[in-house]
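These notes concern the structure reproduced below.
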Amino acid sequence: MMRVALWIAIVVAGLLTVRALGDGAVAAGDSPRQDGPRQDTLLDDGWRFVREDVPGAEAPQFDDSSWQKVTLPHTWNAQDAQSGPNYYRGPGWYRKRITLNENDLARINYLRFEGASIVADVYMNGQKLGQHRGAFGAFCFNATPAQQFGENVIAVRVDNTKFPDIAPISGDFAIFGGFYRDVHLLSLDKRSIDPLDDASPGVYLLQEEVTPQRARVKVTVRLRNTSRSPWDAKVRCTIAGPKDTTVEEWMEMAGAVSVQETSRVIEMQSPILWDGHRSSSAPKPSLYTVTIETLDGDRITDRITQPLGLRSIRLDPDKGLFLNGEHYALHGANRHQDRQDKGWAISHADQDKDFDLLLEMGSTGVRLAHYQHSDYAYSLCDKNGLLVWAEIPLVDKIAPTPEFAANAKQQLRELIKQNFNHPSIICWSISNELWMGRDQNNGSTLPAELYSLAKSLDLSRPIVLADNGGPADDFNTITDAIAFNRYYGWYVDTADDWGSEKGIDGLHRAFPKRPVGISEYGAGANPEHHEWPTQMPRHNGPWHPEEYQALLHEKAWNVMKTRDWLWCIFFWNGFDFATPVRQEGGFQSRNDKG
């Protein structure tokens with residue numbers, strides 16, 4: 001029998017006196033409300049959309065009957081971002097009506113957006129709820145101040161213009177605009193887990209120590225009380241084992257609510273460990289679930305469930321990556337989140353197919369580049385045992401302004417806090433290819449500041465970055481580990497140089513005391529182009545034979561698979577993706593390295 005001693009850290013945003021807004025009667029086509037204290041309604045149907053800026057479109061009485069009817073996820077660039085560099089980057093408007101009844105007034109409603117690109121200004125009944133700046137993180141606003149009985153109009157202005165203060169300001173991929181992920185109406189009790197902490201779950205499971213003999217996990221719960229009176233909160237934690245058996249149920253008085261935060265720990269004896277996808281015959285990894293309930297007296301006011309995969313991660317400069325104390329050969333693909341003719345507006349079925357293919361090809365991990373991906377994508381990796389490199393969109397260039405630095409830090413907070421509990425994520429990456437903008441980036445303190453911020457948020461995972469320059473680059477000594485984007489046989493040198501004196505062994509010699517990996521390698525290919533014998537084509541030319549791509553991969557892999565010191569090996573890319581600046585390999589606006 002496992003012994004669990006659970007202490008809960010509680011943070012409360014204060015005792016706020018506001019009007020309550022509750023679970024809404026949903027419009028036709030939206031998901032029904034869920035039973036239980038936390039009611040989550042999916043608001044993906046019934047939107048009106050126009051791809052232009054319309055003054056006054058936030059007003060409830062505005063006539064949107066001529067606008068296009070759309071269902072989320074949605075992007076306005078599904079076609080034009082595949083057709084050249086002049087794809088539409090500008091504002092668009094979305095509007096939707098929902099109904100709230102008298103029962104709703106006893107609760108608090110939050111609008112939660114899983115992703116909107118790039119800047120979203122959110123209104124309800126003409127009143128602005130807030131603005132979010134960033135294309136990839138989720139965000140959540142309290143709709144209570146604007147709610148009313150009966151019909152309520154949600155209006156959102158979304159703009160994917162290139163903004164000088166929002167990362168990325170450079171990059172070899174399309175920036176699709178729109179509501180390309182789901183939108184939710186969260187209806188909560190006045191006394192609940194906080195949904196506004198950078199749109200995180202409000203529950204953090206920090207793995208302090210994991211061995212086959214013992215696991216220590218610090219559990220933090222953030223509470224929000226919007227009632228007029230204090231709350232003597234109770235917090236109950238139920239841990240379900242990998243075989244759906246209840247491991248422990250815990251209940252404790254949390255005391256009078258205050259703004260104080262305290263830290264306590266779970267201890268588990270002989271835990272069942274989460275393992276990676278070592279082979280196609282390996283069993284699925286073992287996942288616990290942690291359910292946190294808040295109570296007011298005997299009444300359950302909120303409930304949330306989070307994954308818990310108990311595992312240890314260690315990077316060794318000479319021996320690579322260790323998972324649960326055993327060497328783990330971390331190799332696989334990079335992945336962008338777009339799909340041909342859909343852009344970023346992809347379905348769960350699309351993502352299922354992507355990850356099924358990654359598993360079929362023998363991947364043991366995936367680099368989800370170059371930004372925060374959907375929660376669903378990380379959950380698929382949890383379930384299938386794919387180790388994840390997760391990163392923010394600090395790509396190529398740093399704008400030397402405090403506004404840009406603040407936005408990069410915001411996106412890092414969102415990445416870490418929103419995805420903190422996914423066991424598949426084994427590192428946080430703070431940048432990609434800053435060498436590309438070395439003239440303006442050198443001397444910037446932002447990478448070091450991001451490293452410190454990441455460490456302050458999560459001490460359990462290594463912080464990394466991807467570089468495409470040399471060992472002397474300014475940023476290569478900041479992080480816990482490093483990986484390099486290397487394209488021998490494509491942009492530079494030849495495929496035979498992978499094993500030559502100028503190849504990857506020089507990286508190990510340059511960083512003898514730091515873990516080094518390969519974050520990108522590869523070549524382009526058009527499946528309609530064939531030649532044998534084959535030779536290296538021009539990387540930016542019109543002819544990209546498929547045989548050469550295969551040959552380069554074989555030569556690179558045959559070298560790298562014998563270097564146990566490489567903590568990761570990720571090829572670029574799992575799938576072709578849209579990049580409007582390219583015209584090569586017989587394709588327009590496509591990176592054909594998939």
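Computed from heavy atoms alone, side chains included, the values below leave out hydrogens, waters and symmetry copies.
Residues satisfying the side chain to side chain donor-acceptor pair (under 3.5 Å) criterion with Thr289, sequence neighbours excluded, are absent altogether. Partners of Glu391 under the side chain to side chain donor-acceptor pair (under 3.5 Å) rule, at least two apart in sequence or in another chain, are Arg367, His370, Trp389, Ser429. Partners of Asp64 by salt bridge (Lys or Arg N to Asp or Glu O under 4.0 Å), not counting sequence neighbours, listed by chain and number: Arg95, Arg97. In this structure Glu58 satisfies the side chain to side chain donor-acceptor pair (under 3.5 Å) test with no other residue, sequence neighbours excluded. Residues passing the ring-ring contact (aromatic ring centres under 6.0 Å, His included) test with Tyr94 are Phe49, His74, Phe179, sequence neighbours excluded. Contacts of Glu52 classified as side chain to side chain donor-acceptor pair (under 3.5 Å), with partners at least two apart in sequence or in another chain: none.
Considering only heavy atoms from C-beta on, Tyr123 stays 4.5 Å or farther from Val153 through its side chain. Contact check for Gln337 versus Phe136: side-chain heavy atoms found under the 4.5 Å cut-off. Annotation: side chain of Val388 is not in contact with side chain of Ile426 (no heavy-atom distance under 4.5 Å). Within the 4.5 Å cutoff, side-chain heavy atoms of Arg335 are placed close to those of His373. The shortest side-chain heavy-atom distance between Leu100 and Glu151 does not fall under the 4.5 Å cut-off. Using a 4.5 Å heavy-atom threshold, the side chains of Asp382 and Leu287 count as touching. For the pair Val219/Val290, no side-chain contact is recorded, criterion being any heavy-atom separation below 4.5 Å from C-beta on. The side-chain heavy atoms of Leu206 and Thr220, taken from C-beta on, include no pair separated by under 4.5 Å.
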For this session: Kindly indicate, with the supporting measurements, whether the criterion side chain to side chain contact (heavy atoms under 4.5 Å, CB included) is fulfilled by Lys96 and Leu43.
Result: CA-CA 9 Å; Lys96 178 180 173 63; Leu43 301 181; 3.9 Å; yes
For this session: Give the intermediate values and the outcome of side chain to side chain contact (heavy atoms under 4.5 Å, CB included) for residues Asp341 and Gln82.
Result: CA-CA 8 Å; Asp341 298 327; Gln82 302 175 164; 3.1 Å; yes
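Residue Ile193 comes nearest to Asp302 through the heavy atom pair N-OD2, 2.9 Å, listed as atom of the first residue, atom of the second, then distance. Nearest heavy atoms, Asp80 versus Tyr87: O-CB, 3.4 Å. Across all their heavy atoms, Ala146 and Leu129 have their closest contact at CB-CD2, 3.9 Å. When all heavy atoms of Ile175 and Ser117 are compared, the closest pair comes out as CG2-OG, 3.8 Å. Minimum heavy-atom separation, Val210 to Gln207: CG2-OE1, 3.3 Å. Listed here is the closest heavy atom pair of Val366 and Cys381: CG1-SG, 3.9 Å.
Between Arg181 and Glu114, none of the side-chain N atoms (NZ, or NE/NH1/NH2) sits under 4.0 Å from a carboxylate O, so this pair counts as no salt bridge. Ion pairing between Arg112 and Asp182 fails under the 4.0 Å rule for side-chain N and carboxylate O. Between Asp159 and Arg157 there is a salt bridge, with a side-chain nitrogen of the basic residue lying less than 4.0 Å from a carboxylate oxygen of the acidic one. Of the charged side-chain nitrogens involved, none lies within less than 4.0 Å of a carboxylate oxygen, so that Asp458 and Lys417 do not count as a salt-bridged pair. Between Asp350 and Lys353 there is no salt bridge, since no side-chain N of the basic residue sits under 4.0 Å from a carboxylate O of the acidic one.
By the 30° and 60° cut-offs, the orientation of the rings of His336 relative to Phe173 is tilted.
Atom CG of residue Asp45 and atom CH2 of residue Trp47 lie 11.0 Å apart, to the nearest 0.5 angstrom. Within the model, atoms OG1 of Thr291 and CD1 of Ile304 stand 9.5 Å from one another, a figure rounded to the nearest 0.5 Å. Leu415 CG to Gln372 CD: the interatomic distance, rounded to the nearest 0.5 Å, is 5.0 Å.
In this structure, a donor-acceptor pair under 3.5 Å is absent between the side chains of Asn421 and Tyr378. No side-chain donor-acceptor contact under 3.5 Å links Asp356 and Asn384. Under 3.5 Å, the side chains of Arg191 and Ser227 contain a donor-acceptor pair of N or O atoms. Looking only at atom types and distance, the side chain of Gln351 has a donor-acceptor partner in the side chain of Ser374 under 3.5 Å away. Gln411 and Asn407 form a side-chain donor-acceptor contact under 3.5 Å, judged by distance and modelled atom types alone.
Cation-pi contact between Arg51 and Tyr88: present, with separation from the ring centre below 6.0 Å and deviation from the ring axis of at most 45°. Within the cation-pi definition used here (under 6.0 Å to the ring centroid, within 45° of the axis), Arg133 qualifies as a partner of Phe163.
Aromatic pair Phe62/Trp93: ring centres not closer than 6.0 Å. For Trp76 and Tyr180, the gap between ring centers reaches or exceeds 6.0 Å. Outside the 6.0 Å centre-distance limit, the rings of Phe575 and Phe577 are not counted as a close aromatic pair. A ring-centre distance under 6.0 Å is not found for Phe420 and His422.
For the pairing with Val183, the side chain to side chain contact (heavy atoms under 4.5 Å, CB included) check across Val156, Leu42, Leu72 returns one residue only, Leu72.
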